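Everything below concerns the one structure shown next.
Counting starts at 1 for both ligands and their atoms, following the listed order. Because only heavy atoms are used, hydrogens play no part in the values below, and waters and symmetry mates are left out as well, while side chains stay in. Since we're looking at a predicted model, the values are computed, not measured.
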Amino acid sequence: MTSSEKILKQHNLRITQFRLDVISIFNNAGHALSAADLESRLSDPDRITLYRTLKSFEDKGIIHKAVDGTQTQKFALCESDCNEHHHHDEHVHFHCRLCENTFCMDHVYVPKVVLPHGFTFKDSSMIVNGICEKCGVTTL
Ligand SMILES: [Zn+2]
Ligand SMILES: [Zn+2]
Ligand SMILES: [Zn+2]
């Protein structure tokens with residue numbers, strides 16, 4: 001069983017070639033992807049299947065929204081302990097000003113905030129803008 005097949009099995013999703021393709025595109029990209037990015041990389045892109053796949057992957061805890069402050073909705077693979085009840089992706093997202101790619105900073109966590117009395121926490125996100133490793137090397 002491949003690692004992509006394992007991910008589907010772990011999250012109780014039937015193994016289909018389309019789902020496997022989407023996971024392997026995420027794995028190979030190394031940064032967050034929009035639906036359009038995925039469409040252009042799929043050998044047999046079907047927009048409706050793609051949107052359904054992204055929706056069920058998000059519901060099941062396979063991918064999460066990588067909020068990067070741009071208008072484009074991007075997704076990235078989750079950490080292994082996400083499931084359909086809870087996501088644990090409280091990490092910082094890094095947005096590169098040059099290549100416009102968004103990266104999960106898996107081990108850089110969004111700080112916990114202490115809210116004033118009467119305020120209820122729902123979720124938070126933190127974006128760091130800058131220049132990624134790849135762009136930094138090429139501009140030096
Ligand atoms: Zn998650
Ligand atoms: Zn970059
Ligand atoms: Zn992320």
From CA spacing to verdict: side-chain contact (heavy atoms from CB on, under 4.5 Å), F103, V92: CA-CA 9 Å; F103 303 84; V92 168; over 6 Å; no
Joint cluster assignment, F57 & I15, ILVMFWY side-chain distance < 4.5 Å: yes
For the Zn ion (ligand 1), the closest N/O/S atom belonging to H87: ND1
Name of whichever N/O/S atom of H93 is nearest to the Zn ion (ligand 3): NE2
Metal site angle (apex the Zn ion (ligand 1)), SG from C82 and SG from C78, 10 degrees: 110°
Polar side-chain atom of D59 near backbone of S56 as donor-acceptor pair, under 3.5 Å: no
Closest D89 atom to the Zn ion (ligand 1) [N, O or S only]: OD2
Option passing side chain to side chain contact (heavy atoms under 4.5 Å, CB included) with D68 (candidates E100, Q73, K74): K74
Main-chain N/O of E58 paired with H87 side-chain donor or acceptor, under 3.5 Å: yes
C99 atom SG and C135 atom SG as seen from the Zn ion (ligand 2), angle to 10 degrees: 110°
Apex the Zn ion (ligand 3); atoms H91 NE2 and H64 NE2; angle rounded to 10 degrees: 110°
